[in-house]
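Right, one structure below, let's go through it.
Along the sequence shown, the residues carry numbers beginning at 1.
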Amino acid sequence: MDSITDISKSLFSNRSDIMGQAALALIEKKYGHLLEQKHCQCPICDKQIKARPQKVKRKIETLIGPVELERPYFYCVKCGFGFYPLDYALGLSNRKTQSDIQELEAWLGAEMPYETAAETLERCAGVKVSNHHAHDVVNEVAEHIQLLDVCPDKSEIHAQIDAIAKNNFRRPVLMIGIDGAHAPTRPEPSPRKGKRGKGEWREVKGFRIYLIDNQNINHLISWHQIKTDKELTQDLLEIKQAGLIPEKKVRICVIGDGAPWIWNRIKEVYPNSKKVLDYYHCSEYLHDVANAQYGKNTQKAREWVEATLTRLFLNQADRIIAGMKRMKPNSDSAMEQINKTVKYLSDRKEMINYGSLKRGGYHIGSGGIESSNKFISNVRLKRSGAWWYPTNANNILKLRCAKYNKTFDRVMERSRKKLQQSKTEKRPQLRLIVDNS
Ligand SMILES: [Zn+2]
């Protein structure tokens with residue numbers, strides 16, 4: 001006897017016949033006039049032209065299965081331009097697979113290796129694509145995506161801030177975590193065919209912007225790309241200029257490790273923000289001093305670190321630095337470590353008063369940005385044997401940021417529109433033929 005699994009599988013594998021017919025019926029109902037169209041205006045010169053005697057067949061692939069269209073073709077001799085009005089009306093992709101499949105490919109390809117993505121697509125949706133196809137579609141779709149595309153709208157962000165502000169007497173804290181992670185890359189293919197370039201690790205720089213609501217993180221924006229710190233600053237400026245962050249309604253706090261590029265840049269963008277040196281990076285420095293001075297992991301070393309951290313929480317950064325300057329180094333390496341740390345902390349004195357920062361409701365650990373880094377960048381880019389062209393890695397990162405920021409669907413919709421637009425941009429005088437039923 002057939003089990004429900006057998007019945008379901010059999011229907012699923014035959015669904016394309018059933019659904020394909022249904023799709024055709026819908027197309028006929030909505031676009032019957034375009035299927036039987038005899039005359040059409042040339043979209044370039046407005047001349048009235050006659051359909052070619054033979055309709056032209058085209059098979060497209062959609063999530064509900066293949067659909068075979070047979071539609072009239074028009075050719076304007078004067079303009080040397082041929083077109084299918086039905087294709088424009090349906091917003092058909094130049095590819096055989098249509099955008100519903102492409103969106104799934106982008107979703108899966110951003111999540112897993114292309115081979116697994118293609119396999120998953122076949123298993124779950126019964127659609128067969130090659131891993132090269134998935135690769136090409138991901139890059140095609142993501143190429144046009146820009147920073148503001150993956151950000152939630154201004155109104156959505158402002159609404160979240162207002163909701164938190166309602167329950168608090170102080171302005172909500174908006175954290176901007178900045179950090180880098182490393183990704184395996186290789187040089188982009190050059191037009192001159194040379195030897196395949198050597199792989200190198202490059203920094204994926206990124207930021208995560210979130211709100212603190214009591215103990216919870218309210219995520220707003222993550223953005224990670226392989227780029228220079230100048231370019232990343234430009235991105236932060238773009239967010240600022242787009243007014244996504246209502247600066248008067250929040251207390252902005254930037255957190256990061258000691259990397260100078262972060263702090264040099266943030267001075268340009270948010271000069272008045274609160275700045276925090278990640279607590280764990282700071283305590284690592286102290287551990288290094290203690291280990292060099294008192295012996296690795298000795299009781300004395302542990303006690304010193306604990307006492308020093310406690311004093312940091314009492315906002316005694318100045319006294320800690322002074323105390324370290326008075327230390328009598330037990331060895332050359334201890335002296336080196338002490339001097340290094342004194343310099344490091346002196347340069348960042350305002351950023352390590354952890355006690356008052358905590359009382360102010362700010363985060364003192366950069367876990368927020370680090371998890372974003374791990375989830376968005378490392379999980380997908382760091383795979384054994386994978387060496388990425390930076391452009392392709394950035395494309396994947398854009399899609400992953402969109403997912404993380406919950407803007408993926410909107411990004412796909414806009415990207416579809418942009419692709420349609422780019423068709424007309426190539427022929428600026430072309431006016432798209434739309435449904436005129
Ligand atoms: Zn024409």
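Between Lys128 and Glu61 there is no salt bridge, since none of the side-chain N atoms of the basic residue sits less than 4.0 Å from a carboxylate O of the acidic one. Between Glu350 and Lys274 there is no salt bridge, since none of the side-chain N atoms of the basic residue sits less than 4.0 Å from a carboxylate O of the acidic one. In summary, Asp162 and Lys166 do not engage in a salt bridge, as defined by a charged side-chain N under 4.0 Å from a carboxylate O. Salt bridge present: Arg416 and Glu103 bring a charged side-chain N and a carboxylate O closer than 4.0 Å. One finds a salt bridge joining Arg410 and Glu156 here, because a Lys/Arg side-chain nitrogen approaches an Asp/Glu carboxylate oxygen to under 4.0 Å.
Remark: Ile226 CD1 to Thr391 OG1 distance equals 8.5 Å, nearest 0.5 Å. The CD1 atom of Ile176 lies 10.5 Å from the OH atom of Tyr210; values are rounded to the nearest 0.5 Å. To the nearest 0.5 angstrom, Asn394 atom CG is 4.0 Å from Gln225 atom CD. To the nearest 0.5 Å, atom CG of residue Asp229 and atom CG of residue Leu236 are 11.0 Å apart. The structure places OH of Tyr279 at 7.5 Å from CG of Leu312, a figure rounded to the nearest 0.5 Å. In this structure, the separation between CD on Gln21 and CD on Glu68 is 10.5 Å, given to the nearest 0.5 Å.
Tyr354 and Phe313 have tilted rings, their planes meeting at an angle from 30° to 60° on a 0 to 90° scale. Taking the six-membered ring for Trp and thresholds of 30 and 60 degrees, Tyr285 and Tyr344 have nearly parallel ring planes, at less than 30 degrees apart.
Counting heavy atoms from C-beta outward, Ile364 and Ile352 have side chains that stay 4.5 Å or more apart. Side-chain contact between Pro184 and Lys382 is present, with at least one heavy-atom pair separated by less than 4.5 Å. The shortest distance between side-chain heavy atoms of Val127 and Leu63 falls below 4.5 Å. Contact of the Ile64 side chain with the Asp100 side chain is not registered, since no non-hydrogen atoms from C-beta on lie closer than 4.5 Å. By the 4.5 Å heavy-atom criterion applied to side chains, Ile101 and Val137 are not counted as neighbours. Proximity of Arg95 to Asp136: side-chain heavy atoms (C-beta onward) are separated by under 4.5 Å at one or more points. Residues Lys398 and Val411 form no side-chain contact, since every pair of their non-hydrogen atoms from C-beta on lies 4.5 Å or further apart. The shortest distance between side-chain heavy atoms of Arg400 and Val379 falls below 4.5 Å.
Residue Glu115 qualifies as open at atom CD: its count of foreign heavy atoms under 6.0 Å is 12 or below. Environment of CD in Glu306: sparse, with no more than 12 heavy atoms of neighbouring residues, nucleotides or ligands closer than 6.0 Å. Counting heavy atoms of neighbouring residues, nucleotides and ligands inside a 6.0 Å radius, atom CD of Glu188 exceeds 12 of them. Other residues, nucleotides and ligands contribute at most 12 non-hydrogen atoms within 6.0 Å of the CE atom of Met19. The number of heavy atoms from other shown groups lying within 6.0 Å of NZ (Lys374) does not exceed 12.
Arg251 forms no cation-pi arrangement with Tyr270, by the criterion of a distance under 6.0 Å to the ring centre and an angle within 45° of the ring axis.
The backbone N or O of Met112 sits less than 3.5 Å from a side-chain atom of Arg380, completing a donor-acceptor pair. Not a single donor-acceptor pair under 3.5 Å links the side chain of Gln215 to the backbone N or O of Ile212. Formation of a donor-acceptor pair under 3.5 Å by the Asp87 side chain with backbone atoms of Leu92 is not found in this model. Remark: the backbone N or O of Leu35 is paired with a side-chain donor or acceptor of Lys55 at under 3.5 angstrom. Remark: side-chain polar atoms of Trp263 are paired, donor with acceptor, to backbone N or O of Asp257 under 3.5 angstrom. Under a 3.5 Å cut-off, the side chain of Lys249 and the backbone N or O of Ile245 do not form any donor-acceptor pair. A donor-acceptor contact shorter than 3.5 Å is absent between the side chain of Lys59 and the backbone of Lys57. For the pair Arg186 (side chain) and Trp387 (backbone), a donor-acceptor distance under 3.5 Å is present. At distances below 3.5 Å, not a single donor-acceptor pair connects side-chain atoms of Asn392 with backbone N or O atoms of Trp388. Looking only at distances, a side-chain donor or acceptor of Asn291 sits under 3.5 Å from a matching main-chain atom of Asn297.
Shortest non-hydrogen contact noted between Tyr75 and Gly80 is OH-CA, 3.3 Å. In terms of heavy atoms, Leu34 sits closest to Ala89 at CD1-CB, 3.5 Å. Nearest heavy-atom pair across His39 and Lys50 is NE2-CG, 3.3 Å. The nearest pair of heavy atoms linking Gly206 to Ile369 is O-CD1, 3.9 Å. When all heavy atoms of Cys124 and Phe12 are compared, the pair lying nearest together is O-CZ, 3.6 Å. Residue Ser222 comes nearest to Ile376 through the heavy atom pair CB-CD1, 3.5 Å, listed as atom of the first residue, atom of the second, then distance.
Between Tyr88 and Phe83, the distance separating the two ring centers is not shorter than 6.0 angstrom.
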One pair to check against side-chain contact (heavy atoms from CB on, under 4.5 Å): Lys227 and Gln234. What are the steps and the verdict? CA-CA 11 Å; Lys227 45 170 63 175; Gln234 208 45 50; over 6 Å; no

Verify salt bridge (charged side-chain N to carboxylate O under 4.0 Å, His left out) between Glu247 and Lys240, making sure each step is shown before the conclusion. CA-CA 9 Å; Glu247 290 176 43; Lys240 187 185 165 95; 3.3 Å; yes

Please step through side-chain hydrogen bond (donor to acceptor under 3.5 Å, both in side chains) for the pair Ser3 and Asp6, ending with a clear verdict. CA-CA 5 Å; Ser3 69; Asp6 298 329; 3.2 Å; yes

Pair Ile44, Cys76 - check side-chain contact (heavy atoms from CB on, under 4.5 Å), show working. CA-CA 9 Å; Ile44 298 174; Cys76 175; over 6 Å; no

Does the pair Glu105 and Val138 meet the rule for a side-chain contact (heavy atoms from CB on, under 4.5 Å), with working shown? CA-CA 7 Å; Glu105 283 182 276; Val138 160; 5.5 Å; no

As a quick check of understanding, evaluate side-chain contact (heavy atoms from CB on, under 4.5 Å) for Leu286 and Leu345, giving each step before the final call. CA-CA 10 Å; Leu286 298 178; Leu345 295 184; 4.1 Å; yes

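Between the side chains of Arg208 and His224, no donor-acceptor pair is found at a separation under 3.5 Å. Inspection of the Gln102 and Ser93 side chains reveals an N or O donor paired with an N or O acceptor under 3.5 Å.
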